[in-house]
Visitor: 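Structure in structure tokens, see below.
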Amino acid sequence: MIGVFLQLSRILPDEYPLTAGVRFYLGDEGGFGRLLDYGMIAPRLQQLYEWSAHELQAPDLLDCVRDGVLTYAWPFEERGVWQPPPSFPVRMAHRVVPPERRG
């Protein structure tokens, strides 16, 4: 599945290190990539990092996320950088496949 994902165009930048700002890459991201990133993965980031830290026995992974926001590239206070433009498919994904509520 990872191979299929990586072969899709416009999901990942063509080269690294990145040379433009994050808004450039978010704007260039295709609809399917945006749906996966913001409709399915982003609402579950905290859970994903907590699970990974536990399974890998790597508690330092939890330093990369705070309240469901990635913190390894930008400080938590600049979390707005991760907000994509409004998208109907992303809103629908949130409704159809909501993340597990935690109590």
Side-chain angles (χ1 to χ4, degrees):
M1 186 63 187
I2 291 172
V4 171
F5 182 78
L6 292 176
Q7 290 176 11
L8 296 172
S9 65
R10 297 181 67 191
I11 298 244
L12 299 173
D14 293 330
E15 61 186 23
Y16 292 89
L18 301 178
T19 56
V22 70
R23 286 283 164 217
F24 171 81
Y25 296 104
L26 288 178
D28 198 38
E29 185 176 40
F32 184 68
R34 184 168 292 146
L35 177 63
L36 287 176
D37 284 347
Y38 292 99
M40 303 299 291
I41 298 170
R44 296 161 176 82
L45 276 175
Q46 190 71 40
Q47 291 169 290
L48 176 63
Y49 273 77
E50 289 171 2
W51 178 85
S52 297
H54 173 75
E55 290 296 315
L56 298 172
Q57 297 179 5
D60 290 346
L61 280 176
L62 296 176
D63 294 338
C64 297
V65 66
R66 177 175 159 197
D67 296 334
V69 176
L70 297 174
T71 57
Y72 59 84
W74 283 272
F76 180 77
E77 294 73 27
E78 295 178 33
R79 62 191 170 275
V81 73
W82 297 111
Q83 296 302 314
S87 164
F88 177 75
V90 169
R91 284 194 314 272
M92 290 308 298
H94 291 173
R95 283 186 165 179
V96 174
V97 189
E100 179 182 315
R101 293 199 184 262
R102 301 177 77 171

Visitor: Which value, rounded to the nearest 0.5 Å, describes the distance between Met92 atom CE and Phe88 atom CZ?
Guide: 4.5 Å
Visitor: Using the test side chain to side chain contact (heavy atoms under 4.5 Å, CB included), find all partners of Pro75 that sit at least two apart in sequence or belong to another chain.
Guide: Glu77, Glu78
Visitor: May I ask you to establish whether Arg79 and Phe76 are in a cation-pi arrangement, using a distance under 6.0 Å from NZ or CZ to the six-membered ring centre and at most 45° from the ring axis?
Guide: yes
Visitor: Show me the donor-acceptor pairs within less than 3.5 Å that the side chains of residues 59-72 make with the rest of the protein, sequence neighbours left out.
Guide:
{"residue": "Thr71", "atom": "OG1", "partner": "Asp63", "partner atom": "O", "Å": "3.0"}
{"residue": "Thr71", "atom": "OG1", "partner": "Cys64", "partner atom": "O", "Å": "3.2"}
{"residue": "Thr71", "atom": "OG1", "partner": "Val65", "partner atom": "N", "Å": "3.3"}

Visitor: Is Arg44 close to Val97 at the side-chain level, that is, under 4.5 Å between some pair of heavy atoms?
Guide: yes
Visitor: Identify whether Ile41 and Tyr38 are in the same connected component of the hydrophobic contact network (ILVMFWY, side-chain heavy atoms under 4.5 Å).
Guide: yes
Visitor: Tell me whether the count of non-hydrogen atoms from other residues, nucleotides or ligands lying under 6.0 Å of CD in Gln57 goes above 12.
Guide: no
